[in-house]
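In the text below, chain A, chain B and the rest are named by the order of the sequence lines, each starting its count at 1.
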Amino acid sequence: MLSQSYYDKADEIIELYGRKPSSLIPIMQDIQGEYRYLPRELLTYVAKEIGVKEAKAYSVATFYENFSFEAKGKYIIKVCDGTACHVRKSVPILEALQKELGLSKKKHTTDDMMFTVETVSCLGACGLAPTMTVNDEVHPNMTPEKALALLEKLRGGTA
Amino acid sequence: MGTMTIDGRKIEFTDEKNVLSVIRKAGINLPTLCYHSEVSTFGACRLCTVEDDRGRTFASCSEEPRDGMVIYTNSGRIKKYRKLIVELLLAAHCRDCTTCVKNGECVLQQLAIRMNITSVRFENTRTIQPLDTSSPSLVRDPNKCILCGDCVRACEEIQGIGALGFAFRGTDAMVMPAFNKPIAETECVNCGQCRVYCPTGAISIKMNLDEVWGALADPNTRVIAQVAPAVRVAVGDAFGLPNGRSVMGKIVAALHRMGFDEVYDTTFSADLTVMEESKEFLERLGQGQNLPLLTSCCPAWVKFVHDQYPEFIPNISTCRSPQEMFSAVIKEHYKGYEKNQGKKTVVVSIMPCTAKKMEILRPDSVNNGERNTDWVITTTELIRMIRSAGIEFADLNPQSCDMPFGLGSGGGVIFGVTGGVTEAVLRRLVDKHDKESLDAIAECGVRGEEGIKEFTVDYKGIPINVCVVSGLANARTVMDRVKNGEANYQIIEVMACRRGCIMGGGQPVKPGDRTKAARAKGLYNADSVMIIKKADENPTVEALYDGLLKGKEHELLHNTIPW
Amino acid sequence: MKIENREALTNVCQKTQEEIASYTCRVLVCAGTGCVASGSQKIYDRMKELCENVEGVSVEFQKEVPHLGTVKTGCQGICELGPLVRIEPAHYQYVKVQPEDCGEIFERTVLHGEPVERLFYHRNEKIYEKPEEIPFIAGQTRIVLENCGKIDAESLEEYIAAGGFSALTKAFFDMTPEQVVEEVDRSGLRGRGGGGFPAGRKWKQVARQPEKVRYVVCNGDEGDPGAFMDGSVMEGDPYKLLEGMVIAAYAVQSHEGYIYVRAEYPLSVARLKHAIGEMEKAGLLGDNILGSGFSFHMHINRGAGAFVCGEGSALTASIEGNRGMPRVKPPRTVEKGLWEKPTVLNNVETFANVPGIILKGADWFRTIGTEGSPGTKTFSITGVIQNTGLIEVPMGTTLREIIYDIGGGIKGGGNFKAVQIGGPSGGCLTSEQLDVGLDFDSVKKFGAIVGSGGLVVMDENTCMVEVARFFMSFTQRESCGKCVPCREGTKRMLEILERIVAGEGELSDLDELQEIAEMVKNMALCGLGKSAPLPVLSTLKTFRDEYVEHIVDKRCRSKTCQALRKYVINPELCIGCHKCSKNCPVGAISGKVKEPHEIDTKICIKCGACKDNCAFGAIYVDA
Ligand SMILES: Cc1cc2nc3c(=O)[nH]c(=O)nc-3n(C[C@H](O)[C@H](O)[C@H](O)COP(=O)(O)O)c2cc1C
Ligand code: SF4
Ligand code: SF4
Ligand code: SF4
Ligand code: SF4
Ligand code: SF4
Ligand code: SF4
Ligand code: SF4
Ligand code: SF4
Ligand code: FES
Ligand code: FES
Ligand code: FES
């Protein structure tokens with residue numbers, strides 16, 4: 001069971017966008033922004049509140065890559081594998097991070113809920129390829145070494 | 001309006017809404033997997049693609065006909081592409097045809113045959129998904145789903161339920177209820193329309209054949225069948241007889257051959273329903289209470305009201321459905337015999353309907369602590385039983401039903417089509433019996449295929465506003481109007497399936513519009529040749545009220561637990 | 001500040017122009033995504049701090065520097081040289097500015113107007129002081145991007161001072177809606193989102209509809225990986241985009257508009273939100289704009305991570321709150337688009353071209369570019385190129401000019417091999433096409449598309465099979481899964497390509513690949529599927545020998561494909577230390593101590609551990 005505060009937050013966000021079916025995506029985005037994932041109960045709740053069938057809400061939520069029913073790590077690292085980054089060797093960066101954190105194509109988040117590693121296609125900073133973001137902050141001209149160093153820094157910062 | 005050239009032939013068209021319809025009109029059976037004229041055009045299977053004289057390819061289901069179009073439906077490359085599409089579909093499909101419920105009736109299978117696909121070059125890499133057997137009515141096998149979305153659109157657009165949806169995307173896409181919950185835990189009303197629309201074995205009827213064969217084989221049972229009105233017009237064509245012709249007599253004969261001890265006609269209890277429901281209606285009208293009266297014969301509709309409009313539960317007629325009235329009466333009838341002969345009575349109802357399989361499990365479908373109906377088998381299952389028994393159905397000599405519950409009125413027969421219940425009730429309400437009065441009722445607006453029909457009839461100087469609905473999406477429209485005070489009806493008849501039970505979720509599925517019209521016509525024909533037209537003229541009904549039912553009308557014919 | 005009418009706008013323009021002219025010094029720090037990533041926020045903060053400190057301390061100084069602006073601009077296209085700082089009116093362009101440099105800039109340039117030479121762009125021992133001198137910029141014609149980098153992207157006044165909204169006033173007060181549509185039609189402006197459909201014709205179709213509720217939708221989904229033109233416009237000159245949209249709305253008499261911005265562009269969303277707010281406050285959006293009686297309201301929708309939402313009908317479905325699955329047409333978007341109403345749906349760059357066309361006229365626009373494709377086009381040039389970045393050139397500019405004159409040639413001195421144009425739905429152009437002028441029609445002839453304008457330059461170290469695989473994996477991942485050809489076809493194509501790069505391909509795979517590719521191209525529902533096979537078809541045609549090499553010789557000449565690499569020990573360099581054989585997980589290396597070792601390529605699984613660990617660099621990769 002989710003605590004009441006989640007529902008209150010959801011109500012607040014629903015008010016912001018209005019009780020109409022077209023508000024579904026922005027509401028889910030804000031909820032995801034708030035909790036870094038989409039609690040299932042809230043999807044059901046929001047769907048009911050704005051008059052969308054639950055199966056439909058679920059179908060929308062699972063369509064878009066940005067929604068996740070699994071809680072994500074404290075640091076969400078997105079390695080760009082857009083064309084510009086790919087031809088400038090983004091894959092080794094991804095592999096280095098995954099190896100270091102024991103993650104894989106299937107497993108995105110570390111057990112301690114510290115890091116989530118995902119790929120993204122283009123962050124709009126292609127001139128500085130390869131790039132990656134940590135919680136939306138763009139890091140340009142990455143190398144596997146720089147990525148690992150950054151990881152160390154993030155770990156240190158929270159230890 | 002205009003002319004187009006299809007494969008070199010000039011074809012006129014008028015108001016066809018897409019090129020596909022014109023092609024079909026030209027007598028070309030273009031393959032399709034995702035087009036149904038009654039739901040929105042999806043355009044996903046791409047099998048209906050044709051080529052024009054400029055070499056442009058387009059899906060004919062989603063292109064408007066234009067004058068002067070020149071199209072080729074079977075050019076070399078189109079044929080090649082189509083075949084590859086079917087091959088790709090098969091590659092991602094659990095191809096165990098021999099043991100598949102859809103074997104022989106499957107559109108995908110037929111396409112594979114048509115396109116002469118004799119091998120599939122690609123491996124099936126989809127992960128195997130468990131079946132969803134949670135529903136008493138349906139089984140979902142996601143491994144056989146080809147993602148045509150037909151069920152999703154049927155459930156959403158025709159039934160307004162939206163229990164199923166697409167989830168995920170790309171090759172991960174699947175069709176499922178929210179969070180992949182068991183379908184029984186959703187607002188699904190068990191109508192089976194998704195199964196009617198599904199071209200493959202991905203959604204199928206939950207069959208109860210083993211149980212029924214078991215009962216038939218058991219010497220200690222008396223197995224009694226009741227056959228619903230809509231069944232009789234949907235069996236013949238499976239055995240080479242004309243579409244829609246009523247074959248009740250042959251069905252009775254076949255059931256006897258298979259070992260049913262007694263075979264009755266649900267039309268009989270439809271007459272009981274008419275008696276009870278008209279009485280109830282007049283009472284409510286007198287008291288001005290719980291109006292509009294909502295009919296209760298369709299369990300899918302009843303569940304719909306419970307889930308979506310609970311505030312209208314008191315408006316639902318307390319009458320049991322004909323199926324349940326029948327079973328209750330039979331069980332009551334044999335209560336004594338059972339003690340005497342040590343035999344257990346097993347009531348099997350043969351229905352056009354998947355929701356009836358759910359209805360018998362409702363807490364109220366019980367008398368004396370026992371389920372009144374033991375098993376429901378659908379028309380589709382009946383056909384399987386006949387086949388499995390090796391009966392040459394077309395050659396059977398018709399038999400009449402057993403007595404005393406084998407006699408029904410014409411009013412009961414037309415229960416199988418939308419408006420039938422209302423028409424039968426109206427017949428009961430008028431005192432006259434002559435053909436003219438009955439024809440007048442038939443003409444009052446109660447008949448016809450429309451999803452929402454409204455009309456007013458006069459009952460002893462009181463105007464009665466009637467609404468006849470089929471399809472739950474239409475029901476939603478009507479209920480919202482009632483809820484918002486935009487409409488004022490005294491009676492609302494709802495059948496969950498569009499056109500009524502003749503198109504029920506348990507009926508055999510044959511593509512094409514002709515089936516629908518033929519089945520309705522079949523029922524009206526059956527009515528017109530019957531001598532007894534009205535429930536109150538049925539002598540066995542009268543006898544029953546004087547006998548077995550005396551003092552037990554409420555217990556046996558009504559839902560005692562409030563809905 | 002509310003701008004009541006046309007005259008008031010002119011006043012704001014003059015006042016701001018005067019104000020800007022009175023600045024003794026303006027420090028413009030690039031605040032595009034690229035430069036922010038390189039740390040321009042720190043530069044901005046530091047410069048601001050420096051200037052403010054001085055103000056606070058020295059009154060005299062304040063007199064000397066009466067107006068000192070430190071502003072955030074949008075991307076200037078040379079992100080690789082970022083963070084960029086431009087100094088006006090001295091018109092110096094500093095590149096790669098670090099926080100440590102700020103003090104010096106302040107001391108020397110801000111206070112004394114002297115340049116800091118070492119921060120100028122250098123190339124081949126030449127120093128480029130002014131931005132226009134930098135060859136990368138010199139070769140361009142900037143219409144859409146004219147303001148990017150020059151003005152404060154967040155300041156409405158500065159946009160007005162740069163001539164902003166004069167097109168809008170001209171349209172509103174000097175032209176009828178029909179005339180606006182006509183002008184855009186005559187200009188020959190073609191949609192910049194990929195298809196190249198004439199914008200004027202689209203507007204006409206919408207204006208003709210009997211339904212009076214209409215929408216204007218801007219496609220800012222810019223999904224092509226490796227393209228960031230639209231993002232740069234949204235970040236760098238949001239007002240221009242909005243002005244274009246308001247003009248479009250006036251032209252088709254629509255009162256509500258939406259911008260759909262891709263999820264990965266938070267800065268674009270922020271800038272647009274800010275700009276919309278400013279315009280609403282100023283009365284340039286909302287009810288009764290500039291007292292004209294015309295009303296137009298704007299909304300922003302953020303994408304949620306689905307490339308296919310760039311497709312028009314998927315985009316409107318997404319705004320409506322649905323799965324972004326394209327739908328069949330007809331009905332077309334101009335008849336039944338958003339909420340089933342007639343809708344003008346155009347790309348960011350398309351709208352950004354509109355103010356110029358209205359202000360300077362269709363004839364002026366037609367003087368730029370080619371007959372069939374007038375105007376300019378922005379391209380993002382990335383990949384193995386000296387100067388990566390964002391450029392705007394007249395339609396018809398040749399690849400050679402773009403790559404060699406503007407882009408400075410191949411990075412690392414390698415040989416040009418091909419350029420991928422149009423992103424994952426595009427194709428390859430090779431050295432044979434270097435001198436073809438790029439426009440919508442010419443590129444199509446070579447089985448590619450201009451698309452949104454992503455150019456990825458590749459040299460001979462690029463494996464074309466791997467490139468095809470990469471794009472296929474992208475489209476496969478982004479397929480919405482609705483139609484069978486794309487959902488199942490891309491999956492099977494990807495499987496085959498993966499097999500080939502893993503060295504497990506067979507020659508028959510190529511026929512199969514071709515067969516599926518052609519089917520998907522002809523049978524898929526939407527543009528994503530229809531174009532997904534293009535990279536495969538195009539590389540199969542031009543680089544078939546590379547495919548065959550992978551399959552028959554098990555060789556990848558660019559040494560890209562891991563599975564086909566050969567790890568070899570150079571006996572000259574190997575000292576026989578044993579380290580590699582100890583590290584090899586499969587025991588593929590043998591050799592006596594102090595004697596050159598050898599790798600058994602049959603056993604080797606190409607993990608690279610030996611190479612990474614050899615302290616003597618004795619191990620190398622052979623094709
Ligand atoms: C898969 C797919 C992705 C697309 N992505 C974009 C996009 O990101 N941005 C865009 O402007 N147009 C995109 N388009 C093109 C749009 O469908 C549409 O043609 C365009 O936005 C119309 O605007 P224009 O005429 O101004 O170019 C895409 C099309 C397809 C098929
Ligand atoms: S669904 Fe059709 S094709 Fe699939 S196994 Fe069943 S009969 Fe065969
Ligand atoms: S069709 Fe073929 S596989 Fe199926 S049962 Fe007959 S012989 Fe066996
Ligand atoms: S049975 Fe009816 S309600 Fe249930 S999923 Fe199927 S169509 Fe929908
Ligand atoms: S379950 Fe049947 S109808 Fe539904 S999408 Fe799958 S194949 Fe189509
Ligand atoms: S309309 Fe008839 S077949 Fe359909 S659910 Fe209702 S009772 Fe069953
Ligand atoms: S082509 Fe691909 S993206 Fe487009 S509708 Fe078909 S499956 Fe979806
Ligand atoms: S690690 Fe290098 S030097 Fe040592 S044995 Fe191996 S190849 Fe030779
Ligand atoms: S690449 Fe890996 S497997 Fe091959 S020889 Fe070197 S260490 Fe061994
Ligand atoms: S491709 Fe990586 S930022 Fe654009
Ligand atoms: S029937 Fe036309 S696409 Fe499926
Ligand atoms: S972001 Fe500064 S030049 Fe591109």
Side-chain angles (χ1 to χ4, degrees), chain B residues 17-19 33-35 40-51 55-64 66 75 77-93 120-126 146-149 152 165-175, chain C residues 304-309 313-314 322-332 335 340 473-496 498-499 506 508-509 511-526 528-530 532:
Chain B
K17 70 172 183 187
N18 52 32
V19 173
L33 273 171
C34 71
Y35 180 75
S40 59
T41 309
F42 196 50
C45 74
R46 315 309 288 168
L47 288 171
C48 67
T49 302
V50 296
E51 184 172 0
R56 197 175 66 96
T57 53
F58 59 86
S60 62
C61 68
S62 43
E63 189 85 13
E64 281 163 13
R66 285 189 310 275
S75 69
R77 72 186 178 116
I78 293 279
K79 272 208 298 233
K80 212 172 72 186
Y81 297 157
R82 246 183 232 147
K83 183 171 178 176
L84 181 54
I85 288 182
V86 176
E87 185 185 346
L88 287 170
L89 274 177
L90 290 171
H93 184 84
V120 173
R121 285 168 289 179
F122 316 97
E123 221 180 299
N124 187 354
T125 48
R126 287 215 296 190
I146 56 166
L147 301 170
C148 66
V152 176
F166 278 98
F168 311 103
R169 72 168 185 231
T171 37
D172 295 332
M174 287 205 272
V175 164
Chain C
F307 169 69
V308 68
C309 284
S313 62
N322 297 318
R323 285 164 74 83
M325 297 206 291
R327 63 159 173 76
V328 284
K329 280 141 232 144
R332 291 168 310 149
E335 298 153 12
E340 307 240 308
S473 83
F474 177 82
T475 36
Q476 199 273 329
R477 198 171 58 233
E478 296 296 340
S479 160
C480 82
K482 177 173 178 175
C483 74
V484 188
C486 168
R487 179 183 72 229
E488 305 295 340
T490 54
K491 171 184 158 84
R492 299 306 173 179
M493 281 193 275
L494 179 61
E495 277 173 13
I496 297 172
E498 279 173 346
R499 250 187 348 247
E506 288 167 25
S508 62
D509 283 341
D511 299 333
E512 213 165 85
L513 203 53
Q514 184 97 23
E515 181 191 349
I516 305 176
E518 296 202 338
M519 185 279 285
V520 177
K521 182 176 149 198
N522 284 288
M523 302 291 270
L525 193 166
C526 84
L528 188 147
K530 283 188 212 292

Rounded distance (nearest 0.5 Å) linking atom [atom1] of [X] with atom [atom2] of [Y]:
X	Y	atom1	atom2	result
B/K80	C/E518	NZ	CD	6.5 Å
B/C148	C/K482	SG	NZ	12.0 Å
B/T171	C/Q476	OG1	CD	4.5 Å
C/S479	B/D172	OG	CG	10.0 Å

Restricting to non-hydrogen atoms, name the atom on [X] and the atom on [Y] that form the minimum distance, rounded to 0.1 Å.
X	Y	answer
B/T57	C/N522	OG1-O, 2.6 Å
C/V328	B/F42	CG1-O, 3.8 Å
C/M325	B/F166	CE-CD1, 4.2 Å
B/A44	C/P485	O-CD, 4.4 Å
B/L89	C/R487	CD2-NH2, 3.8 Å
C/E478	B/R169	OE1-NH2, 3.0 Å

Can you tell which part of [X] gets under 4.5 Å to a heavy atom of chain C, answering side chain, backbone, both or neither?
X	answer
B/F168	backbone
B/I146	backbone
B/A59	neither

(message) Can you confirm whether C/K491 is buried at NZ, in the sense that more than 12 heavy atoms of other residues, nucleotides or ligands lie under 6.0 Å from that atom?
(response) yes
(message) Counting neighbours of CD on B/E64 that are heavy atoms of other residues, nucleotides or ligands and sit closer than 6.0 Å, is the number greater than 12?
(response) no
(message) Holding to salt bridge (charged side-chain N to carboxylate O under 4.0 Å, His left out), I want the full list of residues that pass it with C/K329, two or more places apart in sequence or in another chain.
(response)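 With sequence neighbours excluded, C/K329 shows a salt bridge (charged side-chain N to carboxylate O under 4.0 Å, His left out) to C/E311, given in chain and number order.
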(message) Under the rule for salt bridge (charged side-chain N to carboxylate O under 4.0 Å, His left out), what residues qualify as partners of C/E488, not counting sequence neighbours?
(response) none
Could you tell me which of [options] has the largest number of non-hydrogen atom pairs under 4.5 Å with chain C?
options	result
B/L33, B/T125, B/T41	B/T125
B/C61, B/G43, B/C34, B/G149	B/G43
B/A173, B/A167, B/G165	B/A167

(request) List the steps, then state whether side chain to side chain contact (heavy atoms under 4.5 Å, CB included) holds for B/L84 with C/M523. (result) CA-CA 11 Å; B/L84 181 54; C/M523 302 291 270; over 6 Å; no
(message) One thing to verify: whether C/E515 and B/R121 come together as a salt bridge, which I'm taking to mean a side-chain N less than 4.0 angstrom from a carboxylate O.
(response) yes
(message) At a heavy-atom distance under 4.5 Å, which candidate from C/C486, C/A306, C/P326 has the highest pair count against chain B?
(response)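 The answer is C/A306.
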